[in-house]
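Notes follow the structure.
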There are 2 protein chains.
Amino acid sequence: MNIGQAASSSGISAKRIRYYEQIGLIGPAARSAAGYRTYSERDLNTLLFVRRSRQLGFAIAEISTLLSLWQDRNRSSEDVKQLALSHVARLRNKIEELQSIVTTLQDLADHCGGDARPDCPILAELQGSKS
Amino acid sequence: MNIGQAASSSGISAKRIRYYEQIGLIGPAARSAAGYRTYSERDLNTLLFVRRSRQLGFAIAEISTLLSLWQDRNRSSEDVKQLALSHVARLRNKIEELQSIVTTLQDLADHCGGDARPDCPILAELQGSKS
DNA sequence: CTTGACCTTACCACCATGGGAAGGTGTAGG
DNA sequence: CCTACACCTTCCCATGGTGGTAAGGTCAAG
């Protein structure tokens, strides 16, 4: 299977596949006589694993670890769980941060006339006026 | 006031201030005879405005718009409100997305032994096993 | 005059991805 | 066989923000 086929089957663009290979996230693909990258079913499974990991928001470096664990029959599920939980913790922090911004901004917007007049508590807040 | 002073007063690193100037987010600073950037109180207010906007998660391009509106006495608060609300909507989407990931991942982690054995529903999910 | 803190520009790096150019390859139809 | 056209290759550039660092100029105090 060429890279285009692998891309559409895995849902990862050809561009990204090459990038993942370049940075060593996935091993170098086999090559045809003409130099075309060739992908096996096994390679495809790896790509799908990577894609699902990305969808769950893992960073490339984490996926690299996950891939090692995945391919290691002597892994301990503890390591995987630990990685997942620390990712979850990070996400929860991010959510809280965004939530607090949303609350602030929504509140400001609620008190903004939203008409043709220039007065606006949003700008006032950004300006830092402590009125 | 030199850039170092402006940086520590505004909470934006000198590096970032130069970057903001370079991309045109803020106007070019006045220069001393020796070529040092010089900042007035007014400039400092702008920097603080930018910093607060960043803290609320606005992208640079949006801050550019906010700055124009801020400096436009004939602005309509509608424009500001609209910008804020569309930002809020984007944030809400992002939060939902992250929340869904957290739920999934926490659930998987809950069902992972987290011991020395290799069995792990997290990896199974990433692998795509539909069992 | 020296020292040290500050400033300048200019470059490289990160993460993850998209775009595009310039050129080779593979295949199908005329 | 030739021509299209789809696909592949590598290479460079861009994004958004930021940090780092190097090579050099400036300023104030001692």
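Every chain is numbered from 1, with letters handed out A, B, ... down the list of sequences.
Dashed line: the shortest gap from a side-chain N or O of S13(A) to OP1 or OP2 of dT17(C) is not under 4.0 Å.
Counting to the nearest Å, the P atom of dA16(C) and the CZ atom of R16(A) are 12 Å from each other. Note: OH (Y20(B)) to P (dG16(D)) measures 12 Å, nearest angstrom. Atom-to-atom, CD1 of I17(B) to C1' of dT8(C) comes out at 15 Å; the value is rounded to the nearest Å. Q22(A) has its CD atom 11 Å from the P atom of dC14(C), to the nearest Å. Spacing between atom CD of E21(B) and atom C1' of dT8(C) amounts to 12 Å, rounded to whole angstrom units. In this structure, the CZ atom of R18(B) is 12 Å from the P atom of dG19(D), given to the nearest Å. Counting to the nearest Å, the P atom of dC6(C) and the CD atom of Q5(B) are 10 Å from each other. Per the geometry, CZ belonging to R31(B) stands 13 Å off C1' belonging to dG25(D), to the nearest Å.
In the model, D43(A) has a side-chain atom that pairs as donor or acceptor with a side-chain atom of S40(A) under 3.5 Å. Side-chain polar atoms of S77(B) and D115(A) form a donor-acceptor pair below 3.5 angstrom.
Applying the 3.5 Å distance criterion, the base of dG20(C) shares a donor-acceptor pair with the side chain of K15(A). On a pure distance criterion of 3.5 Å, no polar donor-acceptor pair joins the side chain of Y19(B) and the base of dG16(D).
S32(B) comes within 4.0 angstrom of no nucleic acid atom, judged by non-hydrogen atoms across all strands. Among the protein residues, A14(A) comes within range of no part of the nucleic acid, since none of its heavy atoms lies under 4.0 Å from any strand. No engagement by I23(B) is indicated, since no non-hydrogen atom pair under 4.0 Å with the nucleic acid exists.
Summarising the local packing, CZ of R31(A) is surrounded by more than 12 heavy atoms from other residues, nucleotides or ligands at distances under 6.0 Å. Remark: R117(A) CZ is loosely packed, at most 12 non-hydrogen atoms of other residues, nucleotides or ligands lying under 6.0 Å away.
Of the candidate nucleotides dT18(D), dC6(C), dC8(D), dC6(C) has the atom lying nearest to any side-chain atom of Y36(B). Of all nucleotides listed (dT10(D), dT9(C), dA16(C)), dT9(C) comes nearest to the side chain of R37(B).
Taking the nucleotide of DNA chain D with the nearest heavy atom to each of A61(B) and A33(B), the more 5' of the two is matched to A61(B).
The main-chain N or O of R42(B) is never found under 3.5 Å from a side-chain atom of N45(B) such that the two would form a donor-acceptor pair.
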